[in-house]
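Both ligands and their constituent atoms are indexed starting at 1 by order of listing. Model, not experiment: these values are computed from the prediction. For the single chain, residues carry numbers from 1 onward in sequence order.
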Amino acid sequence: MQIKKIESIACRLPLRQPFVTSYGQLTEKAFDLIRITADDGTVGIGELVAFEQPDYIEETIFSARHVIKQQLVPMVTGTNLDHPNKVSELFSSVQGNTMAKSAVETAMWDLYAKQSGCSVLDFYPSAREQIAVGVSVGMQPTTDRLLAQVGQYAAQGYQRIKLKIKPGCDRVPLAAIRENFPDLMLMADANGAYVGQEDALLALDDLGLIMIEQPLNVRDLTGHGALQKKMRTPLCLDEDIRCVEDIATVAALGSCQAINLKIPRVGGITEAQKIVAACAKNGLTVWLGGMFESGVGRAMNLQFASQEIFQFPGDLSAADRYYFDDIVQQPAVLENGQLTVPKGLGFGVMLDENKLIKYGDMPQVLFQKK
Ligand code: OSB
Ligand code: MG
């Protein structure tokens, strides 16, 4: 893959409604598109999903831009790789910065598939055409508002609800959903909010939740292990899982029974596939999470989650659940509670140039062959 040009396009999409979590509120999603053009004119696109604040994990869109420009672009343009599965090894001398790495690595997958005249799906061992999906619901100001919101999603056909919780804002809203929508799969995500408040978690154990995601602090793997021994409700880790080695660690410590896998949080598709295999080997459930992706990252996620191993509906909702508008020509649409997996070339979506002008800045050139 001979690279001619690499550009970054900073975009912002306004959210339909603010997304409130245990750590903050999001009203608009900033993201960058990394556009890689090969010598033959083929274009691959990856999405940088990191947030502006270091509150979900430590990486931010600003730190990632720096690492992409200063470290990753020189690496990927300084070698002529024959396959995108070699990008993660090429980046291995850069510690962490998984979202930066993923933005470039996934663009290389899109590029390679397009050059090969196929879909990225063709590199996965299995693929389904449609997949059942869920919604991650932020904290709502009142229980009535929450129930109205969940009712809408249930009516649209979403099969699973994940509610953001924190101490003092957990049992009442969860019990209300459980009671009003007994058929919905229900789980909760604490984003680490229960440090030193295990009793509040134990009080949720009788709600029959499918799982509770990241209840304790990032890196508290023994704490999660001790907690899991006291709870019937399966624990799921999100923020804590950054690389394949983490799977053996959490399995050995009994820290959780499920993994919320996000391709960008682990540095890209190659590492994500290793994690899928490690989860299977260690008997952990694996499902696909989200980062409020635009149509580019969403298409990539849909393709990845179409693999047979992903049986649990992911945080993969239709574009209109997040945004008024999207930057691709084929935004994800919900039909009968399912999303259709894009199967065109690469990630199977095309940028809408007019939307890019509306929601994006001028492309910034990070590399150009002389
Ligand atoms: O903790 O899973 C999370 C969104 C942004 C950052 C972290 C998380 C989330 C979500 C929503 O829960 C996922 C989505 O629907 O894209
Ligand atoms: Mg989470």
Side-chain angles (χ1 to χ4, degrees), residues 13 15-31 47-61 64 98-99 102 131-140 149-150 153 156 158-166 170 186-194 209-218 220 224 234-242 250 255-256 258-266 285-302 304-305 312-323 326 331-332 334 339:
L13 281 173
L15 288 174
R16 272 181 187 265
Q17 53 169 278
F19 189 72
V20 184
T21 66
S22 61
Y23 58 81
Q25 173 167 324
L26 189 74
T27 53
E28 204 182 41
K29 178 68 167 74
F31 61 95
E47 182 166 337
L48 170 60
V49 302
F51 294 105
E52 294 175 284
Q53 302 294 327
D55 45 14
Y56 163 65
I57 64 169
E58 60 278 10
E59 200 173 2
T60 66
I61 192 168
T98 50
M99 295 181 182
S102 178
I131 54 174
V133 292
V135 192
S136 171
V137 181
M139 292 173 192
Q140 303 293 319
Q149 180 88 86
V150 171
Y153 293 139
Q156 286 166 18
Y158 286 106
Q159 316 210 350
R160 182 215 49 141
I161 295 290
K162 169 170 119 178
L163 183 66
K164 293 286 179 179
I165 57 167
K166 64 179 178 184
D170 46 17
L186 181 62
M187 61 173 290
D189 186 0
N191 291 105
Y194 287 82
L209 299 176
I210 295 182
M211 59 184 86
I212 298 180
E213 189 171 317
Q214 196 72 45
L216 304 178
N217 213 358
V218 186
D220 189 5
H224 280 103
L235 300 183
C236 170
L237 290 176
D238 170 355
E239 287 90 324
D240 261 321
I241 307 298
R242 309 297 177 87
V250 298
S255 313
C256 63
I259 303 294
N260 171 342
L261 176 58
K262 299 182 185 177
I263 295 169
R265 203 197 53 229
V266 304
T285 299
V286 62
W287 58 276
L288 207 80
M291 287 290 290
F292 285 107
E293 282 85 355
S294 80
V296 172
R298 191 161 307 281
M300 171 185 81
N301 284 344
L302 280 166
F304 197 83
F312 187 72
D315 286 344
L316 257 169
S317 317
D320 70 358
R321 168 262 179 278
Y322 305 91
Y323 305 114
D326 203 342
L334 194 75
L339 291 180

Of all the heavy atoms in Glu213, does at least one lie under 4.0 Å from an atom in ligand 1? yes
Under 4.0 Å, heavy atoms only, figure out whether ligand 1 is touched by the backbone of Asp189, its side chain, both or neither. side chain
Looking at Asp238, the N/O/S atom that lies nearest to the Mg ion (ligand 2) is called OD2
Among Asp238, Asp240, Asn260, the one residue meeting side chain to side chain donor-acceptor pair (under 3.5 Å) with Gln214: Asp240
The Mg ion (ligand 2) contact by Glu239, N, O or S atom under 2.8 Å: no
Would the distance check show the side chain of Gln17 and the main-chain N or O of Leu15 forming a donor-acceptor pair, the cut-off being under 3.5 Å? no
Taking the inter-plane angle between the rings of Tyr56 and Tyr23 on a 0 to 90° scale, is it parallel (under 30°), tilted (30 to 60°) or perpendicular (over 60°)? tilted
Give me the atom names and distance for the closest heavy-atom approach of Gly297 to Glu47. N-OE1, 2.8 Å
State if Lys262 counts as touching ligand 1 under the rule of any non-hydrogen atom under 4.0 Å. yes
Need the ligand 1 atom indices (1-based, order shown) with element for anything under 4.0 Å from a heavy-atom of Tyr322. 14 (C), 15 (O), 16 (O)
Please report whether ligand 1 has a polar contact with Phe292, defined as an N or O pair separated by less than 3.5 Å (distance criterion only). yes
With no hydrogens and no angle check, is any side-chain donor or acceptor of Arg298 less than 3.5 Å from a backbone partner on Ser317? yes
Given 3.5 Å as the limit, does a donor-acceptor pair link the side chain of Lys162 with the main chain of Ala188, or not? no
Which ligand 1 atoms does Ser136 reach within 4.0 Å, using its non-hydrogen atoms? 10 (C), 11 (C), 12 (O)
How far is atom 5 (C) of ligand 1 from the closest protein heavy atom, and which atom is that? Phe51 CZ, 3.3 Å
I need the OE2(Glu213)-the Mg ion (ligand 2)-OD2(Asp189) angle, rounded to 10 degrees. 90°
What protein heavy atom is closest to atom 13 (C) of ligand 1, reported as residue, atom name and distance in Å? Gly290 O, 3.3 Å
Can you confirm whether more than 12 heavy atoms, excluding those of Lys29, are under 6.0 Å from its NZ atom? yes
Is the closest N or O pair between Asn191 and ligand 1 shorter than 3.5 Å? yes
Taking N or O atoms only and a 3.5 Å limit, does Arg298 qualify as a polar contact for ligand 1? no
Under 3.5 Å: donor-acceptor pair, side chain of Arg160, backbone of Gly314: yes
Check whether Ser22 reaches the backbone of Ala190 with its side chain - one donor and one acceptor, N or O, closer than 3.5 Å. yes
If only atom types and distance count, is the side chain of Asp326 paired as donor or acceptor with the main-chain N or O of Ala319 below 3.5 Å? no
Numbered atoms and elements of ligand 1 in range of Lys162, under 4.0 angstrom, heavy atoms: 2 (O), 3 (C), 12 (O)
For Asp238, counting its heavy atoms only, list the atoms of ligand 1 lying under 4.0 Å from any of them. 1 (O), 2 (O), 3 (C)
For ligand 1 and Lys164, I'd like to know whether there is a polar contact (N/O to N/O, distance under 3.5 Å). yes
